[in-house]
Protein chains: 2
Amino acid sequence: MSEFGFDLIATDGAARRGRVTTAHGQIDTPAFMPVGTAGTVKAMLPQSVAGTGAQIVLGNTYHLMLRPGAERVQKLGGLHKFMDWPGPILTDSGGFQVMSLAEIRKITEDGVRFRSHIDGSYHTLTPERSIEIQNLLDADITMAFDECTPYPATEKQARDSMELSMRWAKRSKEAFEDRPGYGLFGIVQGSTFENQRLESAQALQDIGFHGYAVGGLAVGEGQQLMFDTLDYTCPALPADKPHYLMGVGKPGDIVGAVARGIDMFDCVLPTRSGRNGQAWTRRGPVNVKNARHAEDPRPLDAECPCPACTQFSRAYLNHLVKAGEILAMMLVTWHNLTYYQQLMADLRSAIEGGTFEAYVAQFNALQAEGDIEPL
Amino acid sequence: MSEFGFDLIATDGAARRGRVTTAHGQIDTPAFMPVGTAGTVKAMLPQSVAGTGAQIVLGNTYHLMLRPGAERVQKLGGLHKFMDWPGPILTDSGGFQVMSLAEIRKITEDGVRFRSHIDGSYHTLTPERSIEIQNLLDADITMAFDECTPYPATEKQARDSMELSMRWAKRSKEAFEDRPGYGLFGIVQGSTFENQRLESAQALQDIGFHGYAVGGLAVGEGQQLMFDTLDYTCPALPADKPHYLMGVGKPGDIVGAVARGIDMFDCVLPTRSGRNGQAWTRRGPVNVKNARHAEDPRPLDAECPCPACTQFSRAYLNHLVKAGEILAMMLVTWHNLTYYQQLMADLRSAIEGGTFEAYVAQFNALQAEGDIEPL
């Protein structure tokens, strides 16, 4: 089994083309990680996810600890076997979902006590337990347990939260069992305050991680403030480790973040949108339910290789969404994940070829042009 | 394009092994037709449906006329192209669903006036309009418009209903445009009254159809009464035409009906059960949600070639069903359709090999034995 590692293959400006090596395989970066919350990328078979080009999926500690339970997953051979995903898996720490989903929660220095949104039962997540759960799940990439600072936050609130996360980061590192091919990522916090972000980035490097995530963004601050934050945060991250922007985002967010030195992304957007009949394309978002598609025999995107685009018309997809058919969710999800992976592949080629700036210009022009005209 | 036809290849007792030839391909019988109500076999891609061994799917006139509309489907190239199913399609006449789904309905000699369950709009179905719709959809097999007699019915109610259906059958025949490879089936009614069933079967043969369906069964009369009805109805059907038992059924119903001379079946059971976490197997029904599966690493059926059985454990399927994941619906549906097609393939081999009786004994023994013991 190879060491956990990161190779920087090429750069173009601040944009980076790299490769992460894990116990279960390699990940070409910039990479988008589909979210497999409860041990399934919703509405997709794992081989279909792989078929879109995805090399790694994300699992959620919060969901999996509550159902079916981390010990049970381990007993069944770990998350890879459980969900039949032989490739790399990254698990989040549970910190974010505890705050957004659990019914009652109490944060102390020790950790978070909360009530399950599923059955009302009480649970505690600490840095130690979060790392243990991720280890039981057999995550290739384990995330340090942190508090995702709410937005907006005062400077004081942000600092208190960031400093707590840094103490938890240290405990996470101590709890993490070093094994070949398995990595632990720290998470930079500090809201939109430059000094706090830089301090957090330094604190994490003092502890030492296999990769560095930027947390607490895409929480309502808007794209410009997110980019501004990345502008000063990314240069403070070690160049020889992967940089992961958590929970991002729309295609334009991803392109802008790659331009600023981010290597990895995850977001529920392509899968959640897919279940709601919203497609993401080279030409921007398309509401498949819109009546203008009802008699349109053309594919969603004539250049897309996914089943939704190669087998079916816009009229059919429109019909399926209106009828509430499961196949609508399957197909639009499949399309969205295919588009996202195609976007990442294009970004990687552009960086390798030294044509990143030209690619971004082309990307922006097509997005601005918008969807094809109705017939 | 070949003629619509039926070849009887082998018989074993009353059981028949045959082949139906249509404009869009052949159907080996006994055949089970998955139901694709609104232009999709729910939760399945069409190539996955074909992969289970299905050679024909069913479409519902009632659903498709209301949404997206038969004229629209025709404009888009017909139902085969619309739903990307290149094989044969059978459409029902709409008669059954009008009675079971529409909000208000009024039956006259002319036809049925009803309100859509989707948007409350008013529509009329007559034999002529039903045949026209099925023609617009480009159904390989068109069903005559009939009234599915409610159960129980008095002898008088059953007779009035049956005689109306026979008059509608004649109008259906007159409205049907004969084209090579396209067939029209008549539907025998008469509830559970032998004399009426025989009279109906004769009336339909006097009109002349490409195939003969038995309607008005599996509506609450129970398996024994259904078999009794088939015992006298099947021999009254022409041996050189396909016999189709509508809306049936459980695996045991199918085996018993094949033993009595039925060639074709359709039922929502495998797909609907699949969405509710109920699997059908060689060993009978299995409630995937049952807690006994929660830590069971074994497949649902070790001999089944479907993705649910070859890729995943019972524990994983149990988790998906409990979590309400779409993948649960996809996988259990896939399994059920695979099992149903395997059952039909086994029945065909047994009839061809002259071992039908032995196969039925083996089928009954395994079903009686029930699911594998918990670990």
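Any value given below was found using the heavy atoms of this structure, including those in side chains, with hydrogens, waters and symmetry copies removed. Letters A, B, ... mirror the listed sequences (proteins, then strands); counts begin at 1.
Contact annotation for B:W334: only side-chain heavy atoms (C-beta onward) come within less than 4.5 Å of a heavy atom of chain A. Proximity to chain A involves both the backbone and the side chain of B:E295, based on heavy atoms less than 4.5 angstrom apart. Looking at B:F312, only its side chain comes within 4.5 Å of chain A, counting heavy atoms on both sides. For B:L331, the part lying under 4.5 angstrom from a heavy atom of chain A is the side chain only. In this structure, chain A has heavy atoms under 4.5 Å from both the backbone and the side chain of B:K42. When heavy atoms are compared at a cutoff of 4.5 Å, B:A328 does not approach chain A at all.
No other option in A:M329, A:M83, A:M44 has as many heavy-atom pairs under 4.5 Å with chain B as A:M83. In terms of heavy-atom pairs under 4.5 Å with chain B, the best-connected choice from A:D296, A:L76, A:V73, A:L320 is A:L76. Counting heavy-atom pairs closer than 4.5 Å to chain A, the top-ranked of the candidates B:K81, B:R72, B:H63, B:E325 is B:R72. Of the listed residues (B:V41, B:I118, B:L45, B:T37), the one with the most heavy-atom contacts under 4.5 Å to chain A is B:L45. Chosen from A:A294, A:P307, A:G39, A:S313, the residue pairing most often with chain B at heavy-atom distances under 4.5 Å is A:A294. Most heavy-atom pairs under 4.5 Å with chain B: of the set A:M330, A:K75, A:H319, this distinction falls to A:H319.
No option in A:R283, A:R292, A:R298 other than A:R292 meets the salt bridge (charged side-chain N to carboxylate O under 4.0 Å, His left out) test with A:D371.
Ring pair B:H117/B:Y62: centre-to-centre distance below 6.0 Å. Taking the centre of each ring, B:F32 and B:F265 stay at or above the 6.0 Å mark.
Side-chain atoms of A:Q341 and A:T52 form no donor-acceptor pair, as typed in the model, at a separation below 3.5 Å. Using a 3.5 Å distance cut-off with no hydrogens or angles, the side chains of A:N276 and A:S273 do not pair a donor with an acceptor.
The shortest side-chain heavy-atom distance between A:L125 and A:F145 falls under the 4.5 Å cut-off. In this structure the side chain of A:I89 never reaches within 4.5 angstrom of the side chain of A:I141, judged on heavy atoms.
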Derivation of the side-chain contact (heavy atoms from CB on, under 4.5 Å) call for A:I326 and B:R275
CA-CA 10 Å; A:I326 291 169; B:R275 298 197 301 285; 3.6 Å; yes
